[in-house]
Amino acid sequence: MNSDTLKNTGKFEFTKKLNKILLAIVLLQVVFISFGAVEFSLPKLIEGLPNMWKFLTGLFPPDFSIFPQVLDAVVITIQLALIGTILSAIIAFPLSFFAARNLTSESSIIGKIFRWFTQLIFNVTRSIDILIFALIFVSAVGLGPFPGVLALAIHSIGMLGKLFYESIETIDKGPVEALESVGASKSEIIRWAVLPQVMPYFISYFLFRFELNIRAAVVLGLVGAGGIGFLLNQYMMLFRYQEVSIILITIIGLVLSIDFLSSKLRKIVL
Amino acid sequence: MIEAINLSKVYPATDHTKEVYALKNVSVKIEKGEFVSVIGLSGAGKSTFLRCINRMNTISEGKMIFNGIDITNYSENQLRDIRKKIGFIFQQFNLVKNISVLNNVLIGRIGYNSVWKNVLGKFSKEDIEKARHYINEVGLIEKIRVRADNLSGGQQQRVAIARAVVQEPDVILADEPMASLDPKLSDVILGLLKKFNYENNITILLNVHVIEYAKKYSTRIIGFNKGEIVFDGKPDELDHHTIEHIYKQDKTELENL
């Protein structure tokens with residue numbers, strides 16, 4: 001290396017360092033401005049502490065008398081999540097085969113259009129949050145569990161679809177070649193070489209999505225979709241914190257036990 | 001039964017590679033019942049040649065005749081009937097790992113059944129009987145219900161052989177079937193191929209890079225060098241000089257490796 005290039009690399013190092021410093025200044029500025037925009041204020045937080053204390057002490061002792069009512073609501077929440085997840089899986093499952101790059105031939109234009117279109121469906125439904133879908137469906141079909149199920153299902157199509165087609169894209173293509181070599185058609189290849197490889201992942205993703213949809217279904221209750229969230233909202237508005245406390249305990253128990261069950265089941269299938 | 005006429009396979013030039021002739025003007029005729037070993041360096045065109053026979057590769061120039069039929073430009077649909085008569089054995093076995101040995105072997109019967117029966121997994125009694133028979137022939141009857149990924153490499157390749165034989169094929173194309181196995185197992189694998197060649201009159205085309213095995217098992221040896229056939233004859237005609245010719249390499253090529 002001659003001295004000329006050495007000098008150049010020195011210069012290059014310097015501009016690189018300068019860029020880093022400038023970037024750090026800009027980032028700090030962004031964070032600082034954002035703090036102002038969200039009206040973050042420690043005094044306000046401290047002022048609110050007595051209210052929070054009142055709420056916390058109000059939770060005790062929990063009032064167990066409404067427990068049967070809470071359990072009914074829990075069942076609805078589970079049903080909400082279950083139906084939402086099943087509906088989304090039924091739709092995402094076939095679509096994911098059109099979205100996977102390794103199953104659509106590069107030469108066919110129709111295959112490309114299908115792939116582009118299904119990926120578009122997955123991306124759009126995935127990027128709109130469940131709550132936003134819920135607001136849309138509530139205004140369309142009114143309050144109740146039905147708009148909640150629709151919101152869960154539509155959003156989960158995108159989530160599951162993406163996970164599904166990505167696991168199809170990572171399969172070992174050896175068995176696919178073996179099926180081709182015995183004269184199998186596309187549907188036979190999917191049945192015998194693709195499905196056995198992806199099914200454990202599909203089931204695992206389904207359970208994982210169900211787990212997430214349980215939490216989402218709780219929140220959906222707050223916007224009127226029924227279930228335990230709906231109950232929580234009602235008692236909050238009545239300031240009946242002893243009932244609220246038993247609802248909160250139930251929610252924690254529900255989420256933890258579903259998490260536990262689904263992770264056990266996922267270990268079995270994978 | 002297999003005839004290649006002036007067969008060429010060209011991989012077109014891309015941004016960083018030149019146009020490559022994987023096969024150049026290959027003409028060869030293989031008769032029913034032969035056990036042919038194809039030898040040559042890796043990259044000499046052995047695999048490409050095998051994959052042109054069952055048309056897993058497209059053909060650039062020339063013709064491929066199988067059982068008197070020109071299959072050079074056959075569509076995927078037409079190939080179904082041809083491929084069910086051609087078994088293929090892969091270096092990496094290519095079994096479906098999380099299904100049973102029996103189901104893996106039944107896959108060899110797919111070409112004979114209707115699509116909907118295959119998709120529903122409804123195999124006939126005769127198909128299951130045939131599969132059992134060949135699983136027994138390769139010595140794995142006690143493993144019939146075991147998942148394929150619970151088998152050793154040698155056992156998996158024997159399942160793959162059963163899958164090929166259950167097709168009741170005219171020919172089995174074996175692409176380096178022992179290359180990823182313990183050398184001790186080579187005689188087991190090749191012994192099975194020889195047995196089915198002899199007992200079921202199945203033509204065997206074997207890609208192999210160990211010359212001793214080619215000499216020991218085959219009735220005919222074809223040597224490839226840079227996509228061209230440079231030797232075609234009986235095993236005992238293969239002397240030191242021809243072997244050198246088959247495995248001859250340019251200095252520049254070696255440097256590019």
Side-chain angles (χ1 to χ4, degrees), chain A residues 90 93-98 100-112 114-115 164 167-207 265-270, chain B residues 50-51 53-58 74 76-100 103-121 123 147-149 156 159-160 163-164 166-169 172-173 175 180:
Chain A
I90 288 173
F93 178 77
L95 288 184
S96 61
F97 290 92
F98 291 108
R101 188 172 291 273
N102 53 342
L103 294 186
T104 50
S105 62
E106 279 303 314
S107 52
S108 116
I109 295 168
I110 297 171
K112 261 188 192 162
F114 263 94
R115 191 171 79 218
F164 281 3
S167 56
I168 295 174
E169 284 181 347
T170 57
I171 60 165
D172 173 13
K173 76 182 212 323
V176 177
E177 275 200 329
L179 264 289
E180 278 172 357
S181 79
V182 302
S185 63
K186 194 131 228 170
S187 50
E188 289 158 346
I189 292 173
I190 289 176
R191 165 66 180 85
W192 286 103
V194 182
L195 274 186
Q197 290 191 61
V198 296
M199 249 0 234
Y201 294 96
F202 279 19
I203 294 169
S204 162
Y205 290 140
F206 175 85
L207 289 169
L265 281 172
R266 275 187 284 146
K267 268 201 194 109
I268 293 171
V269 291
L270 279 185
Chain B
L50 248 59
R51 283 162 181 266
I53 296 173
N54 73 349
R55 286 284 327 281
M56 289 217 280
N57 274 350
T58 55
Y74 257 34
E76 285 293 320
N77 266 339
Q78 291 171 305
L79 282 172
R80 186 180 163 98
D81 276 338
I82 297 299
R83 283 181 180 163
K84 77 177 179 195
K85 284 292 180 191
I86 305 176
F88 203 102
I89 293 169
F90 301 84
Q91 183 181 331
Q92 298 296 339
F93 331 133
N94 289 1
L95 299 185
V96 183
K97 296 219 164 52
N98 48 4
I99 65 174
S100 69
N103 278 330
N104 265 291
V105 175
L106 281 170
I107 283 172
R109 298 300 298 172
I110 275 180
Y112 290 90
N113 297 326
S114 68
V115 173
W116 68 269
K117 269 191 180 166
N118 287 328
V119 169
L120 292 175
F123 290 97
R147 265 169 57 140
D149 52 0
Q156 289 194 37
V159 175
R163 176 178 67 191
V166 86
Q167 290 178 245
E168 297 174 330
I172 288 179
L173 311 171
D175 193 5
S180 42

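Order of the sequence lines fixes the chain letters, A, B, ..., with proteins taken first and strands second; residue numbering starts at 1 for each chain.
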Donor-acceptor pairs, chain A vs chain B, cutoff 3.5 Å:
from   : atom 1 : to     : atom 2 : distance (Å)
A/G174 : O      : B/N94  : ND2    : 3.0
A/E177 : OE1    : B/R51  : NH2    : 3.3
A/E177 : OE2    : B/R51  : NH1    : 2.9
A/E180 : O      : B/R83  : NH1    : 3.4
A/G183 : O      : B/R80  : NH1    : 3.4
A/E188 : OE1    : B/R80  : NH1    : 2.8
A/E188 : OE2    : B/R80  : NH1    : 3.4
A/E188 : OE2    : B/R80  : NH2    : 3.3
A/E188 : OE2    : B/N118 : ND2    : 2.8
A/R191 : NE     : B/V119 : O      : 2.8
A/W192 : NE1    : B/N118 : O      : 2.9
A/P196 : O      : B/N98  : ND2    : 2.6

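For B/I107, the parts lying near chain A are the backbone and the side chain together; criterion is any non-hydrogen pair under 4.5 Å.
Counting all heavy atoms, side chain and backbone alike, A/A193 lies closest to B/V96 at CA-CG2, 4.4 Å. Here the closest non-hydrogen pair linking A/V182 and B/G108 is CG1-CA, 4.2 Å.
Remark: B/F88 pairs with B/F90 by the ring pair (Phe, Tyr, Trp, His ring centres under 6.0 Å) rule, at least two apart or across chains. By the side-chain contact (heavy atoms from CB on, under 4.5 Å) test, A/I203 pairs with A/L207, A/V269, sequence neighbours left out. In this view, A/F93 and A/F97, A/F164, A/L195, A/M199, A/F202 satisfy the side-chain contact (heavy atoms from CB on, under 4.5 Å) rule, not counting sequence neighbours.
In the displayed structure, B/L120 atom CG is contacted under 6.0 Å by more than 12 heavy atoms of other residues, nucleotides or ligands.
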